[in-house]
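All residue numbers refer to positions in the sequence shown, counting from 1. Just so it is clear, the structure is predicted and the values come from calculations on it, not from any experiment.
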Amino acid sequence: MAEALDPSAIISKVKELLPAGQSILKTPQDGLAILLHSVPSAIISKVKELLPAGQSILKTPQDGLAILLHSVMTILGFRLVGIDDSSSDVQSEKNVLPEDWSKHSPDSFAFRYRHDQSSLVFLLKLIKLSKRMVIHGIAMEDDKTTTLDIVIADFTSESSFPYDSSAEDAAPLVHAFISSARVKDLVGQYKLAVLQKLMPGLRKEGYEEGTQASTSQSSTTTTTTQPTGSQPTSGRPMPSNPSPLIDPMFDPSQPFSLPRAGA
């Protein structure tokens, strides 16, 4: 989500990511490569700032995914006002999470937001279903949901959790999300499937709405389809004296379709 951040913030991150003792970018290609690397790093660096005071441990991969998406919402100007869908609004200084933000981990997480560009309240829920994480978003007054469904292992390294950001020997947090490329992919999918449907026309310096050019196999959007075995049978004539033992509507190409109502 390169466009989700202030360009000056991205560029300032570049200097921090150069190896010790190296200050020269020799070619335009070098500049482009490290610029792309700096975008996920800027998002991940926000994660540590959003953990509650005295809390430095992300216990599960689901914790990591939840706070990563909260980091994206924070960068885009969404204000955290609750961690459920019904309590009174509570202002959080700099969007720092309350101590009980992960009380239902790893099964579920909830974040409720407001934004200066909208009068609506936005609810984000993350639900663990076996090896998948389903991310639901809704503008509560609008009552329309958006959904992103991902495979947890596609975007997190289970061996990195629990992750203690305060440990002296802690590996870079990006390793818990496999790589910068995986972070960038997840945030891009989240923007397309959830964010820009929740709040179309969001105005933020450097932010641009994307198009559904490609979608990872790990994600799906909610759609309503009719099962193959229950297609309408209108247009097929009913026999005048149907046999009680043989269903004339039986389709041999679909041997496991359900019987007709009343059959």
To the nearest 0.5 Å, what is the distance between [atom1] on [X] and [atom2] on [Y]?
| X | Y | atom1 | atom2 | value |
| --- | --- | --- | --- | --- |
| Phe122 | Arg79 | CZ | CZ | 10.5 Å |
| Asp149 | Gln189 | CG | CD | 10.0 Å |
| Ser45 | Leu50 | OG | CG | 9.5 Å |
| Thr156 | Leu65 | OG1 | CG | 5.5 Å |
| Ile127 | His104 | CD1 | NE2 | 10.0 Å |
| Lys131 | Lys128 | NZ | NZ | 10.0 Å |

Heavy-atom pair with the smallest gap, counting every atom of [X] and [Y]:
| X | Y | result |
| --- | --- | --- |
| Tyr190 | Leu69 | CG-CD2, 3.9 Å |
| Ile152 | Ser130 | CD1-O, 4.4 Å |
| Met133 | Phe109 | CE-CE1, 4.4 Å |
| Ile67 | Trp101 | CB-CH2, 4.2 Å |
| Gly64 | Leu58 | CA-CD1, 4.3 Å |
| Gly137 | Leu198 | C-CD2, 3.6 Å |

### Task
For atom CD of Gln91, decide whether the heavy atoms of other residues, nucleotides or ligands shown that lie under 6.0 angstrom number more than 12.
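For Gln91, atom CD is crowded (more than 12 foreign heavy atoms under 6.0 Å).
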### Message
Taking atom CG as the centre, does Asp100 end up with more than 12 heavy-atom neighbours from other residues, nucleotides or ligands that are less than 6.0 angstrom away?
### Response
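Yes, CG of Asp100 has more than 12 neighbouring heavy atoms, counting only those of other groups under 6.0 Å.
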### Query
Does the side chain of Lys191 come within less than 4.5 Å of Val187's, by heavy atoms?
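Not touching, per the 4.5 Å side-chain cut-off.
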### Message
Is there a side-chain contact between Phe177 and Arg182 in this structure, where contact means two heavy atoms from C-beta onward sitting under 4.5 Å apart?
### Response
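They are not in side-chain contact.
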Sequence neighbours excluded, which residues qualify as salt bridge (charged side-chain N to carboxylate O under 4.0 Å, His left out) partners of [X]?
| X | answer |
| --- | --- |
| Glu99 | none |
| Asp85 | Lys125 |
| Arg112 | Asp84, Asp89 |

Determine whether [X] and [Y] fall in the same hydrophobic cluster, where Ile, Leu, Val, Met, Phe, Trp and Tyr are linked whenever their side-chain heavy atoms lie under 4.5 Å apart.
| X | Y | result |
| --- | --- | --- |
| Leu76 | Leu68 | yes |
| Phe161 | Leu126 | yes |
| Leu202 | Val121 | no |

### Query
When you measure from the side chain of Thr74 to the backbone N and O of His70, does any donor-acceptor pair fall under 3.5 Å?
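Looks like yes, one N/O pair under 3.5 Å.
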#### Entry: Between His136 and Thr147: side-chain donor-acceptor atoms closer than 3.5 Å
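Distance-only check passes for His136 and Thr147.
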### Query
Is there a side-chain hydrogen bond (donor to acceptor under 3.5 Å, both in side chains) between Asp63 and Ser102 once you walk through the steps?
CA-CA 7 Å; Asp63 288 0; Ser102 60; 4.6 Å; no
### His115 and Phe78 aromatic ring geometry - parallel, tilted or perpendicular at 30°/60° bounds
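Rings of Phe78 and His115: perpendicular, as their planes differ by over 60°.
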Side chains of residues 165-176: which donor-acceptor partners sit under 3.5 Å, not counting sequence neighbours?
from   : atom 1 : to     : atom 2 : distance (Å)
Ser165 : OG     : Ser56  : O      : 3.0
Ser166 : OG     : Ser56  : OG     : 3.0
Ser166 : OG     : Asp164 : OD1    : 2.7

### Task
From the options Val194, Ile138, Leu123, select the one residue that forms a side-chain contact (heavy atoms from CB on, under 4.5 Å) with Thr145.
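That would be Ile138.
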### Task
Among residues two or more places apart or on two chains, list those pairs meeting salt bridge (charged side-chain N to carboxylate O under 4.0 Å, His left out) that have a residue in residues 44-53.
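Listed by first then second residue: Lys46-Glu49.
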### With Ser92 via side-chain contact (heavy atoms from CB on, under 4.5 Å) - residues at least two apart
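If we apply the side-chain contact (heavy atoms from CB on, under 4.5 Å) test to Ser92, skipping adjacent residues, the hits are Leu80, Val96.
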### Derivation of the side-chain contact (heavy atoms from CB on, under 4.5 Å) call for Ile178 and Phe155
CA-CA 6 Å; Ile178 301 178; Phe155 299 101; 5.6 Å; no
